[in-house]
Amino acid sequence: MAKLTRLDDIVSLCKRRGFIFQSSEIYGGLASCYDYGPLGAELKRNVRSAWWKNVVQMRDDVVGLDCSILMHPMVWKASGHADKFADLVTVCKKCNTRTRVDHLQDGPAAVEHTEHINIETEKAQPHDLTKKVCPACGAVGQFGPPMAFKLMFETQMGANADDQMTLYLRPETAQGIFANFRNVLDSTRVKVPFGIAQIGKSFRNEVTTKAFIFRTREFEQAELEFFCKPGTDDEWYNHWKQQRFNWYLNLGIKKENLRFRDHDPDELAHYAKACVDVEYKFPFGQGDWQELEGIANRTDYDLRQHQRGMRTMTEWFEKKGDLTKITLREEDPDYHKGPLSFFDEEAKERYIPYVIEPSAGVDRSTLAFLVDAYDEEEVNGETRNLLRFHPHLAPIKAAIFPLVKKDGMPEIARKLYDDIKGKFACFYDEKGAVGRRYRRQDEAGTPFCITIDGQTKEDNTVTVRERDSMKQDRISLDQIKNYLREQLDS
RNA sequence: GCGGGUGUAGUUCAGUGGUAGAACGUCAGCUUCCCAAGCUGGAUACGCGUGUUCGAUUCACGUCACCCGCACCA
């Protein structure tokens, strides 16, 4: 059994070895923001690549996309974020607990997770909180005035201060995919069922951030919107559910640390038909199961909403872009023939596809891979810290050492390094005792160390030392590239 | 945002109202033919600000950040 890993151990390892630093650390840090150092940048890039390879490259039915972070504000009106990504919250004067106004009950009652309510509507309504009960301490009517929380980041476009437009930093990458559904359809000869995948940064003004890079306000998503014919959606939902779960397992996450959690019906967003989280047992607090990825059946909601949005542009100009004054136009009765519909040549029918959305957090996955790979073991009375990364994820694939810094060994090692660095991420090190160099690479998660020794000059062989077993093989120098290819490709 | 805790070298820790120490790591050198060996030498820290004080890393206040718990988490 692996030892209980504490988050603090991971945080300090991350800093010590250059995986993750706190953002703006020389200025005291900036809450919830983190930077990936040299090893972390490689690791995260490998996580992205593994996702892209599995979800896009290896499939005939998925294409990629890379949207801008800034989009037309109407995107967020149509998606519902502009209205719903805000809450009215009040604070109990007695116990200082924050509660959503729409969660307050007249009497003691279980608080259910509910869909967010339009903040403008909510604000317009008179709020009589005098009879409401604080769910935390039970005090009645002890609430402060309702406060609005805005979960989307705002920014200004336009250098001329008098002629600026307020834009939002996207709170999810998905909407960029929906907004490009037509473009992809018209330019790539894809046919339903097919998917569009994207990896990119998103931003949410979370009320509270949490646990290192687990919940941050700036984060990276890897999202797939998979479009399918209504009626086949359950099938595809299950397909992606399995696909995505296996992706984590195949990259080395221990099975006992991974599980599904189905959302309760009352927990679902109103447009979602089903949703399941892939959860990982993180070492925060008591060892909490936390979401890595959500797989949702979003039905035809988003495409239909954007068809409504497209019909609302006159109002956008009339109301001078004030989203709070704009009401989305009603749907065309023939909405299923609208601009974001798909014409099925075989069935000769037009419909709005259903969407299955696996949405993964890249930073969360990266953290999970780090935590899961972390291990300590006793070797000859010494503790060895190592990261047992899957070779595909390891920031450095192979380290190359001369056994000692003399007798021509460094020259041979250098030559080997120069030879393979173009193909694999490598590291050359000739300093100090070889055992120390091995251990250093263990802590960086490097799966292979190649050592040039005295015998190399005699028979042209080198030793390859494997990270997990610490075993060594003698391999011919000219076979090294093939050997690494066999171990690392696939 | 509330309550609790923490902040000293890269990391983990010690310590003091009179200007800071260790271990590991790191760097340079010596040694070294396979798992953090040894020897020599070097660099590096009191989160930030204000106040009290002759003097503050130490006390107070503020602030920033992190951790734990609560609440929040389309």
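All of these numbers come straight from a predicted model, not from anything done at the bench. Numbers restart at 1 for each chain; the letters A, B, ... are given by sequence-line order, proteins then strands.
Across all strands shown, B:rU40 is found opposite B:rA28 as a Watson-Crick or G-U wobble partner, with both distances under 3.5 Å. The partner of B:rG3, taking Watson-Crick or G-U wobble pairs whose two distances both stay under 3.5 Å, is B:rC68. Base pairing annotation: B:rC48 forms a Watson-Crick or G-U wobble pair with B:rG62, both donor-acceptor distances under 3.5 Å. Nucleotide B:rG18 has B:rC54 as its partner under the Watson-Crick or G-U criteria, with both atom distances under 3.5 Å. When both distances must be under 3.5 Å, the Watson-Crick or G-U wobble mate of B:rA9 does not exist.
As rounded to the nearest Å, B:rU32 and B:rC39 have C1' atoms that lie 12 Å from one another. Across B:rU6 and B:rG47, the matching C1' atoms stand 12 Å from one another, rounded to whole Å. Look at the C1' atom in both B:rC66 and B:rU8: the space between them is 16 Å, to the nearest Å. Between the C1' atoms of B:rA14 and B:rA23, the separation comes to 11 Å (whole Å). Comparing B:rC61 with B:rU52, their P atoms sit 15 Å apart, to the nearest whole Å. Of the P atoms belonging to B:rA9 and B:rC48, the separation is 10 Å, rounded to the nearest Å. Between B:rG41 and B:rU58, the distance separating the two P atoms is 34 Å to the nearest Å. The gap from the C1' atom of B:rA45 to that of B:rU26 amounts to 15 Å, rounded to the nearest Å.
Counted by atom type alone, A:Y428 and A:E430 present one or more donor-acceptor pairs between their side chains at under 3.5 Å.
The aromatic rings of A:Y483 and A:F448 lie perpendicular to each other, with more than 60° between the two planes, well past the 30° mark. Relative ring orientation between A:H270 and A:Y301 is described as perpendicular, the plane-to-plane angle rising above 60° on a 0-90° scale split at 30° and 60°.
Taking the charged nitrogens against the carboxylate oxygens, A:K457 and A:D407 have no contact shorter than 4.0 Å, which rules out a salt bridge. Under 4.0 Å is where a charged nitrogen must lie from a carboxylate oxygen, and between A:E291 and A:R261 no such pair does. Between A:R465 and A:D473, no side-chain nitrogen of the basic residue sits less than 4.0 Å from a carboxylate oxygen of the acidic one, so the salt-bridge criterion is not met. A salt bridge links A:R308 to A:E330: one of the charged nitrogens lies within less than 4.0 Å of a carboxylate oxygen. At a threshold of 4.0 Å, the pair A:R388-A:E377 counts as salt-bridged, since one of the basic side-chain nitrogens sits closer than that to a carboxylate oxygen. The pair A:E357-A:R298 counts as a salt bridge, with a side-chain nitrogen and a carboxylate oxygen less than 4.0 angstrom apart.
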*Assign a letter to each nucleotide of nucleotides 38-45 of chain B from its 5' end: B, base within under 4.0 Å of a protein heavy atom; S, sugar-phosphate only; -, no contact.*
--------
*Could you run through nucleotides 4-13 of chain B and give me one letter per nucleotide, 5' to 3': B if any protein heavy atom sits under 4.0 Å from the base, S if only the sugar-phosphate is that close, - if neither?*
------SSS-
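Taking the nucleotide of RNA chain B with the nearest heavy atom to each of A:F212 and A:M470, the more 5' of the two is matched to A:M470. Toward the 5' end of RNA chain B, the nearer of the two residues A:I213 and A:N385, judged by each one's closest nucleotide, is A:N385.
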Side-chain donor-acceptor distances from residues 171-180 of chain A under 3.5 Å, at least two apart:
from	atom 1	to	atom 2	distance (Å)
A:E172	OE2	A:Q175	NE2	2.8
A:T173	OG1	A:E223	OE1	2.4
A:Q175	OE1	A:H306	NE2	2.6
A:Q175	NE2	A:D302	OD1	3.3
A:N180	OD1	A:N183	ND2	3.0
A:N180	ND2	A:G176	O	2.9

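Residue A:S79 is out of contact with every strand shown, counting any heavy-atom pair closer than 4.0 Å. Among the atoms of the strands shown, only primed sugar atoms or phosphate atoms (P, OP1, OP2) are found under 4.0 Å from some heavy atom of A:S32. Nucleic acid contact class of A:Q455 (heavy atoms, under 4.0 Å, all strands): none. Within 4.0 Å of A:F21, counting heavy atoms only, lies no atom of the nucleic acid at all.
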_Criterion side chain to side chain contact (heavy atoms under 4.5 Å, CB included) on A:F21 and A:Y36, from CA distance to verdict_ = CA-CA 6 Å; A:F21 307 123; A:Y36 289 82; over 6 Å; no
*Would you sort out whether A:T299 and A:V355 count as a side chain to side chain contact (heavy atoms under 4.5 Å, CB included), showing the intermediate values?*
CA-CA 5 Å; A:T299 68; A:V355 175; over 6 Å; no
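Rounded to whole Å, the distance from CZ on A:R440 to P on B:rC35 is 16 Å. Spacing between atom CZ of A:R439 and atom C1' of B:rA37 amounts to 12 Å, rounded to whole angstrom units. Rounded to an integer number of Å, the gap from A:K431 NZ to B:rC27 C1' is 8 Å. Taking atom CD1 on A:I26 and atom C1' on B:rA65, their separation rounds to 15 Å, with Å as the unit. Going from atom CZ of A:R17 over to atom P of B:rU26 covers 8 Å, rounded to whole Å. For the pair A:E443 CD and B:rC35 C1', the interatomic distance rounds to 14 Å; values are reported in whole Å. The distance from atom CZ of A:R465 to atom C1' of B:rC35 is 6 Å, rounded to the nearest whole Å. Distance A:E430 CD to B:rC27 C1': 14 Å, rounded to the nearest Å.
You'll find that the side chain of A:D453 is closest to B:rC34, out of B:rA36, B:rC66, B:rC34.
Between the side chain of A:Y438 and the base of B:rC34, at least one donor-acceptor pair of N or O atoms lies under 3.5 Å.
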